[in-house]
Engineer: 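Sending over a structure as structure tokens; questions will come in a sec.
Computed from heavy atoms alone, side chains included, the values below leave out hydrogens, waters and symmetry copies.
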Amino acid sequence: MESQLPLPHRRSPAATLWLLHCITAIALVTCSASGAKWTHGNENDHLALLEFKANIIDPLGVLSSWNSSHHICEWFGVTCGRRHRRVARLELKSQGLCGTISPHIGNLSFLRVLDLVNNSFHSRIPLEVGRLSRLQYFYLSNNSLHGSIPPSLSSCSNLVGIRLSNNKLEGQLPVDLGFLSKLKRLILGLNELNGVIPASIGNLTSLEHLVMQENKLGGKIPDTLGNLRNLKVLSLWDNNLVGNIPSSVTNISSMEVLAVSHNRLAGTLPLDLGITLPNIQYFSIAINQFFGPIPRSISNMSQLSSFIIQSNNFTGDVPSFQQMSNLYWFSVADNYLGSEQANDLNFLCSLANSTTLHRLHISVNNFGGAMPKCIGNMSNTLNDFTLHGNALSGTLPSSIGYLVGLEVLSLSYNSFSGIIPPEIGSLNKIKRLYLAICEFTGEIPRTLGNLTVMTILSLLGNNLTGTIPSSLGKCQSLLSLDLSENKLAGAIPPEIMSLSSLSIYADFSENDLAGELPMEIGNLKSLTQLDLSRNRLLGEIPSSLGSCMSLMFLSMQDNMFTGPIPSTLSSLKGIQELNLSHNRLSGQIPEKQRKTVASGASNDGFLKVSYGDLLKATDGFSSANLIGTGSFGSVFRGVLGLEQTAIAVKVLNLDRHGASKSFIAECEALRNIRHRNLVKVLTACSGSDYQGNDFKALVYEFMVNGSLDEWLHPPVGTSGEREDIQRELEYGAGAEVSINGDVYSYGILILEMFTGKRPTDNMFGDGLNFHSFAMAALPEQVLQIIDPVLLGESQNEDESRGIRRSRRSHERLLKIQECLVSIVEIGVVCSSEVPRDRMSIGDVAAALQAIQNKLLGS
């Protein structure tokens with residue numbers, strides 16, 4: 001048959017034109033076919049995505065391309081398959097989206113990846129996701145989804161990964177999840193799931209990661225999990241699981257992470273544990289009820305990086321860890337390990353091979369004997385070393401000075417004797433040094449002055465003699481200093497009284513200190529607790545003591561002070577306890593006098609103040625008087641007029657859009673409001689500064705008593721440092737009034753109540769705020785930031801006797817510590833800078849109720 005289009009000679013120029021003609025024709029046909037496919041085949045996808053968008057608030061405008069001028073395959077976050085041009089991937093991770101997930105999502109029948117992680121989706125996961133038969137990756141972590149996991153999800157038989165962590169999902173795990181034979185990762189942590197772990201999970205033989213920590217799961221760990229021979233990560237910590245870890249689970253040789261801490265698990269560990277788990281890297285069974293010995297086969301876990309078995313009931317000795325060169329975190333604290341014998345700490349020498357060791361916790365056990373000299377051979381990476389609450393004796397080896405990476409060293413509540421080695425002054429990274437309630441003798445090493453970043457130094461309850469070294473004055477970061485209950489003599493060096501960083505407490509009590517108090521004591525403006533009692537201090541009380549405006553507890557009894565009680569003590573507005581008894585003082589203790597509001601009011605009852613008045617009251621709006629700043633302005637403390645009225649002045653930043661509107665709205669809202677827990681607005685100032693620039697400010701009365709301050713910090717320290725004003729910065733200085741703002745205020749309130757600190761304390765600054773301060777202490781250092789008054793009743797009962805705690809007392813303290821950690825966690829989450837990261841107030845109430853029940857044992 002002859003061709004209708006004659007073929008030109010293949011080497012002629014016409015041949016090239018002919019080929020171009022054919023290629024163009026094919027291209028036109030392809031485009032036509034593609035266009036037809038868009039208008040018919042994936043119209044369902046188009047409509048489904050529009051329905052999805054209709055249920056979303058998009059504050060960042062990332063879905064602006066989702067319109068008719070773009071093909072759906074060009075829409076942001078959408079990827080189509082090459083063959084069918086159907087939606088295969090919908091990826092909108094971390095885009096600030098808020099709303100619900102439309103049931104129409106189930107019409108994206110070619111969808112393989114759905115990733116909506118880290119947004120603010122709420123409501124339930126629609127049942128229609130079960131129609132996505134091609135779905136492989138289902139990622140919805142870090143949202144606010146609630147309700148149960150839809151059972152229909154088990155119909156998505158091609159699923160490889162499910163990530164639903166950090167939501168508010170509740171109810172029981174669907175039993176039918178066990179049909180997802182291809183599933184490799186099931187991540188459900190940080191929800192409110194309850195019930196038991198279904199035995200059917202053991203059918204997921206492809207599973208590599210099973211993560212369900214921080215839920216409310218109960219019952220036993222099912223034996224069927226032993227069928228998961230490919231399992232690498234098993235994370236079930238912080239649930240209500242009981243029973244032992246099934247032997248079938250501890251025989252999964254592929255396991256790399258086993259984390260079941262903070263449950264109610266009990267029983268002994270298999271003797272062959274180190275053989276059956278040869279690839280284990282992270283092993284954590286802390287805060288359970290395990291007992292018996294630590295299996296010696298643990299020595300075979302050569303890949304181990306974290307070994308955490310604290311807060312159980314283990315007994316016996318600790319085996320060698322010589323093969324564990326990758327060890328990072330080693331914690332056997334709070335057990336019954338050791339026998340108070342000479343060689344109990346021999347295992348420490350085996351840890352010298354762990355060149356990456358960072359945390360070493362062996363406190364609150366029965367370890368006895370001396371600390372081995374090999375301690376100095378440990379890694380320079382060692383950061384946190386705690387041995388307190390044992391029966392250790394002998395001298396502290398000078399080789400401890402080689403641990404130059406240490407930031408925390410806790411040796412308290414032992415029987416160490418001899419001198420504190422001066423080599424300890426080589427630990428120039430140390431931040432917290434605890435050497436309390438031991439039997440150290442000799443002088444305080446002058447080399448401690450080299451520890452310039454140290455924040456806490458505790459030497460109480462030893463037999464230290466000599467004078468207090470003036471070199472401690474070089475510790476410019478010191479927040480807390482306790483030298484009490486020793487035999488120290490001589491005068492208190494003025495260099496120490498010049499440490500303006502001291503803010504938690506300074507305790508020099510029960511020594512043999514003599515001489516006069518240096519005038520430099522007035523530099524301790526941030527100090528809340530000062531104890532000088534039971535010494536031989538003499539002379540007059542320095543008038544500069546009245547400058548210590550943050551003092552709440554001042555104990556000076558049982559000394560030899562003479563002369564009149566200085567009138568400047570009336571300036572101590574926050575004082576709660578003042579003891580000057582058993583001295584030779586004369587006169588009366590000056591009473592605190594509340595300043596009355598200055599006269600000179602206008603016809604409407606509000607004060608008349610000018611820019612000049614406020615400039616003078618705040619010392620030229622100096623940085624020293626700055627309380628805080630917000631997006632609409634700054635708040636300064638000051639003293640107004642001849643009547644010396646304590647005020648707080650909020651100066652509006654008029655360059656900020658909306659500041660003037662905020663000023664007017666706030667004047668209208670606050671001018672007639674009166675409430676005992678709200679700051680009273682004295683007046684407003686609207687005019688010009690000395691350069692002719694517009695000036696607007698609100699003036700608040702500072703009330704020492706009569707507000708929430710009275711309950712948080714009774715009756716509160718320095719003028720103008722008012723938490724009411726600080727919390728007002730969340731709103732009046734730029735943020736819109738919202739429930740999230742209230743939750744933020746509540747979070748700060750919790751942190752204030754339990755730390756005894758205030759957002760305006762001098763320690764906060766240079767990037768450190770109340771939120772980050774508390775978060776950095778979680779979970780292990782929480783007790784270091786808790787108000788000592790709250791801990792006094794539970795700790796002093798046993799510690800004052802200088803004896804080790806009874807088991808019952810220890811368990812009680814442990815329960816209190818766990819509850820305090822949970823409370824501080826609530827404060828930290830509620831005070832998150834990002835509103836969507838905060839808890840709802842309903843969840844807060846439920847969490848606090850749970851903490852109360854735990855504390856009371858119900």
Side-chain angles (χ1 to χ4, degrees), residues 436-441 443-444 457-469 472 480-494 496-497 499 502 504-524 527-548 550-572 574-592 788-789 791-793 795-803:
I437 317 296
C438 290
E439 299 174 14
F440 288 115
T441 57
E443 297 187 352
I444 298 174
L457 174 60
S458 180
L459 301 176
L460 78 97
N462 284 286
N463 296 308
L464 298 172
T465 56
T467 59
I468 301 173
L472 289 180
S480 173
L481 174 63
D482 196 340
L483 305 179
S484 63
E485 299 180 42
N486 281 286
K487 300 176 182 178
L488 300 170
I492 299 176
I496 291 179
M497 291 302 186
L499 285 172
L502 281 172
I504 300 177
Y505 64 82
D507 195 341
F508 303 91
S509 65
E510 297 189 52
N511 278 287
D512 199 27
L513 298 172
E516 298 183 354
L517 280 182
M519 289 293 294
E520 286 80 0
I521 195 172
N523 292 316
L524 306 179
L527 190 63
T528 58
Q529 189 169 345
L530 175 61
D531 196 340
L532 300 166
S533 63
R534 300 182 180 89
N535 282 287
R536 294 191 301 116
L537 299 169
L538 48 80
E540 295 188 358
I541 297 176
S543 59
S544 59
L545 185 58
S547 299
C548 302
S550 297
L551 272 179
M552 299 171 65
F553 304 94
L554 176 58
S555 301
M556 304 180 70
Q557 71 270 21
D558 294 300
N559 280 285
M560 295 185 288
F561 290 113
T562 58
I565 299 173
S567 60
T568 54
L569 294 189
S570 64
S571 300
L572 303 180
I575 202 72
Q576 295 183 34
E577 293 183 12
L578 173 61
N579 194 338
L580 303 177
S581 63
H582 299 98
N583 283 286
R584 302 171 184 174
L585 298 167
S586 60
Q588 295 182 342
I589 297 177
E591 294 183 6
K592 294 177 292 178
V789 175
L791 298 176
E793 180 181 350
Q795 289 184 334
N796 292 342
E797 179 181 348
D798 300 310
E799 294 175 0
S800 62
R801 301 191 184 104
I803 60 176

Engineer: Taking atom CG of Leu551 and atom CD of Gln576, what is their separation to the nearest 0.5 Å?
Structural biologist: 11.0 Å
Engineer: Determine whether a donor-acceptor pair (N or O, by modelled atom type, separation under 3.5 Å) exists between the side chain of Asp507 and the backbone of Leu532.
Structural biologist: no
Engineer: Is there a donor-acceptor pair under 3.5 Å between the side chain of Asn579 and the backbone N or O of Ser555?
Structural biologist: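 Checked: no pair found.
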Engineer: Of the non-hydrogen atoms in Glu439 and Asn462, which two are nearest, and what is the gap between them?
Structural biologist: N-OD1, 3.3 Å
Engineer: Which atom names give the shortest non-hydrogen contact between Ile492 and Met497, and what distance separates them?
Structural biologist: CG2-CE, 3.8 Å
Engineer: Are Thr562 and Asn583 close enough, and set up right, to give a side-chain contact (heavy atoms from CB on, under 4.5 Å), and what steps lead you there?
Structural biologist: CA-CA 7 Å; Thr562 58; Asn583 283 286; over 6 Å; no
Engineer: Compare all side-chain heavy atoms of Glu540 with those of Leu517 and state whether any distance is below 4.5 angstrom.
Structural biologist: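 SC-SC contact between Glu540 and Leu517 ruled out.
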Engineer: On a heavy-atom basis, which atom in Leu499 and which in Leu524 lie closest, and how many Å separate them?
Structural biologist: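 Where Leu499 meets Leu524 most closely, the heavy atoms are O-CD2, 3.3 Å.
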Engineer: Would you say the side chain of Asn523 lies within less than 4.5 Å of the side chain of Ile521, judging by non-hydrogen atoms?
Structural biologist: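 Not touching, per the 4.5 Å side-chain cut-off.
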Engineer: For the side chain of Ser533 and the backbone of Gln557, is there at least one donor-acceptor N/O pair under 3.5 Å apart?
Structural biologist: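 No, the answer is negative, given that no donor and acceptor are paired below the 3.5 Å cut-off.
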Engineer: Give me the one residue out of Ile496, Asn486, Asp531 that meets side chain to side chain contact (heavy atoms under 4.5 Å, CB included) with Phe508.
Structural biologist: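 For Phe508, the side chain to side chain contact (heavy atoms under 4.5 Å, CB included) check succeeds only for Ile496.
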Engineer: Between Gly546 and Leu572, what is the shortest heavy-atom contact and its length?
Structural biologist: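 Shortest heavy-atom separation between Gly546 and Leu572 comes out as O-CD2, 3.9 Å.
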Engineer: Which heavy atom of Leu464 sits nearest a heavy atom of Thr441, and at what distance?
Structural biologist: CD2-O, 3.7 Å
Engineer: Counting N and O atoms only, with roles assigned by atom type, does the side chain of Asp512 sit under 3.5 Å from a partner on the main chain of Lys487, one being a donor and the other an acceptor?
Structural biologist: no
Engineer: As an exercise, state the distance from CE of Met519 to OG of Ser547, rounded to the nearest 0.5 Å.
Structural biologist: 8.5 Å
Engineer: Would you say Asn511's side chain and Leu488's backbone share a donor-acceptor pair under 3.5 angstrom?
Structural biologist: yes
Engineer: Identify the two heavy atoms, one from Leu545 and one from Met556, that lie closest to each other, and give their separation to 0.1 Å.
Structural biologist: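 Nearest heavy atoms, Leu545 then Met556: CD2-SD, 4.0 Å.
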Engineer: Measuring from Leu578:CG to Leu569:CG, what's the distance to the nearest 0.5 Å?
Structural biologist: 6.5 Å
Engineer: What distance separates Asp482 CG from Ser509 OG, expressed to the nearest 0.5 Å?
Structural biologist: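 Taking CG in Asp482 and OG in Ser509, the distance rounds to 7.0 Å.
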Engineer: Quick check for you: to the nearest 0.5 Å, what is the distance between Leu460 atom CG and Ser484 atom OG?
Structural biologist: 4.5 Å
Engineer: Going by heavy atoms in the side chains, are Arg584 and Met560 under 4.5 Å from each other?
Structural biologist: yes
Engineer: Roughly how far, to the nearest 0.5 Å, is the OG atom of Ser570 from the CD1 atom of Ile575?
Structural biologist: 12.0 Å
Engineer: Which of these passes side chain to side chain contact (heavy atoms under 4.5 Å, CB included) with Leu554: Leu527, Leu530, Thr528?
Structural biologist: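 By the side chain to side chain contact (heavy atoms under 4.5 Å, CB included) criterion, Leu554 pairs with just one of Leu527, Leu530, Thr528: Leu530.
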Engineer: Take Leu538 and Glu516 through the test side-chain contact (heavy atoms from CB on, under 4.5 Å) and record every step on the way to the result.
Structural biologist: CA-CA 5 Å; Leu538 48 80; Glu516 298 183 354; 3.8 Å; yes
